[in-house]
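Note sheet for the following structure.
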Amino acid sequence: MTFELQHTDPSSDARAGIITTDHGPIKTPIFMPVGTCGSVKGVHFSELREQVKAQIILGNTYHLYLRPGLDVLRKAGGLHGFNGWERPILTDSGGFQVFSLTGIRKLREEGCEFRSHIDGSKHFFTPENVMDTERVIGADIMMAFDECPPGQSDYRYAKESLALTQRWLDRCIKRFNETEPLYGHRQSLFPIVQGCTYKDLREEAAKFVADKGADGNAIGGLAVGEPTEVMYEMIEVVNGILPKDKPRYLMGVGTPQNILEAIERGVDMFDCVMPTRNGRNAMLFTYEGTMNMRNKKWEDDFSPVDPDGCDIDRITTKAYLHHLFKAQELLAMQIASIHNLAFYLRLVGDARRHIEQGDFARWKAGIISQLGRRV
């Protein structure tokens, strides 16, 4: 994987670049639709390509390990061969999912023992076998196995957790270097910066990660309940240390406002379940603000969902989408998910264009407040 930094905004830390993988290029800043179990909920790959314009999607190691399982994935030629997505894929390590299983997991130096949320069966993740699992999945970008401490962890726990994550990272890198890709395309390993909301821990983590010389780096453990101002402060702290010639991935973030604020602070890559999850619950994101499509005000509004959006936005009226949600038709959730994902990709694409034009900061300042208002 290579990263070329192409443009920078003169009034902020926003950047535009291009990541090149064996499955194709990724223009940054980029939003990556979440395909946890090998699919983006309610959206077919043809729609991801043609309507959403997705350049890369995510898969999740925890979920894919449990189902369909590694034997099936290996026989299929990895996740690309299994689901038919021919563009780049990134896999989370499953760390967040494992550590969210409070009460049914046990953490120790070697790794984490947990029980499946599907059938209660017992499993054990280590940095080594997670690397092996991500090799079998075959994603273009693999994430290191880390501990995801609770957002409100006290300093002592956060410091001990970070030390464990750093020891695990060394083990991940060692295993990654000892093994080869299985399907003929190259893979990259991204370390993850943790440290909760403690500035000195984030600085320590960012320096530790930067010294590894990885193809790219991730920022984890944010957008987990802390005030947004604190999240932005931590991004600034970390990005002041992470190398400028490598892509920076902010994990699990977030709203359109969060994304623009993070782009302004030098982040290149994003993912979040919000576009599809909120879409399934009738909430649409637009440049004018958010719309609840169950509200009666849309009942006889025959204007397009978004005249400047994707094809589905332009041919679907607000009244029709309102009707579909009221009738509990599955098509409602599909249309809303496509719209939201297409909007997120359009947002980062517009951000890229304004970075290229040199007026990103001014453009962002002019639209940021209206993105969060209720229409």
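Values below: every heavy atom of this structure, side chains too, minus hydrogens, waters and symmetry copies. Small disclaimer: the values here were computed from a predicted structure and weren't measured. Starting from 1, each residue takes its place in the sequence as its number.
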Tyr65 and Phe125: aromatic ring centres closer than 6.0 Å?
yes
Is the closest basic N to carboxylate O distance between Lys364 and Asp9 below 4.0 Å?
no
Salt-bridge present (Arg167, Glu109; N to O < 4.0 Å):
yes
Using 4.0 Å as the upper bound for N to carboxylate O, is an ion pair formed by Lys212 and Asp170?
yes
Transitive ILVMFWY cluster of Tyr198 at side-chain heavy atoms under 4.5 Å: who else is in it?
Tyr155, Leu162, Leu201
Note: Thr165 and Glu147 closest approach over all heavy atoms is OG1-N, 3.1 Å
Under 30°, 30 to 60°, or over 60°: which ring-plane class applies to Trp168 and Phe145, parallel, tilted or perpendicular?
parallel
Taking Gln194 for the side chain and Cys148 for the main chain, is one N or O donor matched with an acceptor at less than 3.5 Å?
no
With side chain to side chain contact (heavy atoms under 4.5 Å, CB included) as the criterion, how do His80 and Asp140 come out once you've worked through the C-alpha distance, each side chain's angles and the decisive distance to 0.1 Å?
CA-CA 10 Å; His80 287 95; Asp140 300 85; 3.2 Å; yes
Value rounded to 0.5 Å, distance of CD1 in Ile241 from CD in Glu203:
5.0 Å
Pair Trp363 + His354: ring centers closer than 6.0 Å
yes
Any salt bridge linking Asp350 with Arg353? Criterion: basic side-chain nitrogen under 4.0 Å from a carboxylate oxygen.
yes
Please test Lys122 against Glu113 for side chain to side chain contact (heavy atoms under 4.5 Å, CB included), starting from the C-alpha separation and ending with a verdict.
CA-CA 7 Å; Lys122 188 181 293 186; Glu113 179 184 290; 3.7 Å; yes
Strictly distance-based, threshold 3.5 Å: is any side-chain N or O of Asp271 a donor or acceptor partner for the main-chain N or O of Gly252?
yes
What are the two closest heavy atoms between Pro68 and Phe82, and how far apart are they?
CG-CE2, 3.7 Å
Distance-only, no hydrogens or angles: does the Arg171 side chain make a donor-acceptor pair with backbone N or O of Glu110 under 3.5 Å?
yes
Any donor-acceptor pair under 3.5 Å from Asp22 side chain to Arg186 backbone
yes
If you count heavy atoms of other groups shown closer than 6.0 angstrom to CZ of Arg156, is the number above 12?
no
Does one hydrophobic cluster hold both Val238 and Tyr232, with members joined at side-chain heavy-atom distances below 4.5 Å?
yes
Looking at Ile118, I'd like to know if its CD1 atom is crowded, meaning that more than 12 non-hydrogen atoms belonging to other residues, nucleotides or ligands lie closer than 6.0 Å.
yes
Here's a test for you: under side chain to side chain contact (heavy atoms under 4.5 Å, CB included), which of His7, Glu264, Arg15 qualifies with Ile355?
His7
So for atom CZ, which belongs to Phe208, do other residues, nucleotides or ligands contribute more than 12 heavy atoms lying within a distance under 6.0 Å?
yes
Would you give the length of the straight line joining atom CG of Asn340 to atom CG of Leu345, rounded to the nearest 0.5 angstrom?
11.5 Å
Is the shortest heavy-atom distance from the side chain of Asn258 to the side chain of Met231 under 4.5 Å?
yes
Roughly how far, to the nearest 0.5 Å, is CD of Gln97 from CG of Asp92?
5.5 Å
In terms of hydrophobic clusters joined by side-chain contacts under 4.5 Å, are Phe176 and Tyr249 together?
yes
Please work out whether the ring planes of His339 and Phe343 are parallel, tilted or perpendicular, with thresholds of 30° and 60°.
parallel
Please say whether more than 12 non-hydrogen atoms of neighbouring residues, nucleotides or ligands are located less than 6.0 Å from CZ in Arg294.
yes
Smallest heavy-atom separation, Arg175 atom then Glu128 atom, equals CG-O, 3.7 Å
What is the minimum heavy-atom distance between Phe285 and Thr290, and which atoms define it?
CD2-CG2, 3.8 Å
Would the number of heavy atoms belonging to other residues, nucleotides or ligands and lying under 6.0 Å from CD of Glu180 be above 12?
no
Apply salt bridge (charged side-chain N to carboxylate O under 4.0 Å, His left out) to Arg277 and list each qualifying residue two or more places apart in sequence or on a separate chain.
none
Sidechain-backbone polar pair: Asp268 side chain, Arg248 backbone, donor-acceptor under 3.5 Å
yes
Apply side chain to side chain contact (heavy atoms under 4.5 Å, CB included) to the pair Glu226 and Met234, showing each step before the final yes or no.
CA-CA 11 Å; Glu226 78 282 358; Met234 293 301 103; over 6 Å; no
Results of salt bridge (charged side-chain N to carboxylate O under 4.0 Å, His left out) for Arg135 - residues two or more places apart only:
none
Using a 3.5 Å distance criterion without hydrogens, assess whether the side chain of Asp359 forms a donor-acceptor pair with backbone atoms of Arg362.
no
Just checking Phe114: does its CZ atom have more than 12 heavy atoms from other residues, nucleotides or ligands closer to it than 6.0 angstrom?
yes
Evaluate the side chain to side chain contact (heavy atoms under 4.5 Å, CB included) criterion for residues Asp245 and Leu5: first the C-alpha distance (whole Å), next the side-chain angles of each, then the deciding distance (0.1 Å), finally the verdict.
CA-CA 7 Å; Asp245 61 344; Leu5 186 59; over 6 Å; no
Is the backbone N or O of Ala16 less than 3.5 Å from a side-chain atom of Glu356, with the two atoms forming a donor-acceptor pair by type?
no
Using atom types as modelled and distance alone, determine if a side-chain donor or acceptor of Ser93 lies under 3.5 Å from a backbone N or O of Ala144.
yes
Taking the six-membered ring for Trp, are the ring centroids of Tyr62 and His117 within less than 6.0 Å of each other?
yes
For Ala214 and Lys246, which heavy atoms make the closest approach, and how far apart are they?
O-NZ, 2.9 Å
Does Trp298 use its side chain to pair, donor to acceptor, with the backbone of Asn292 at less than 3.5 Å?
yes
Would a distance-only check, ignoring hydrogens and angles, find a side-chain to backbone donor-acceptor pair under 3.5 Å from His123 to Arg115?
no
Using a strict threshold of under 4.0 Å (side-chain N to carboxylate O), is an ion pair present between Glu261 and Arg265?
yes
Arg373 atom CZ, over 12 foreign heavy atoms within 6.0 Å
yes
Is the shortest distance from a Lys or Arg side-chain nitrogen in Arg49 or Glu86 to a carboxylate oxygen in the other one below 4.0 Å?
yes
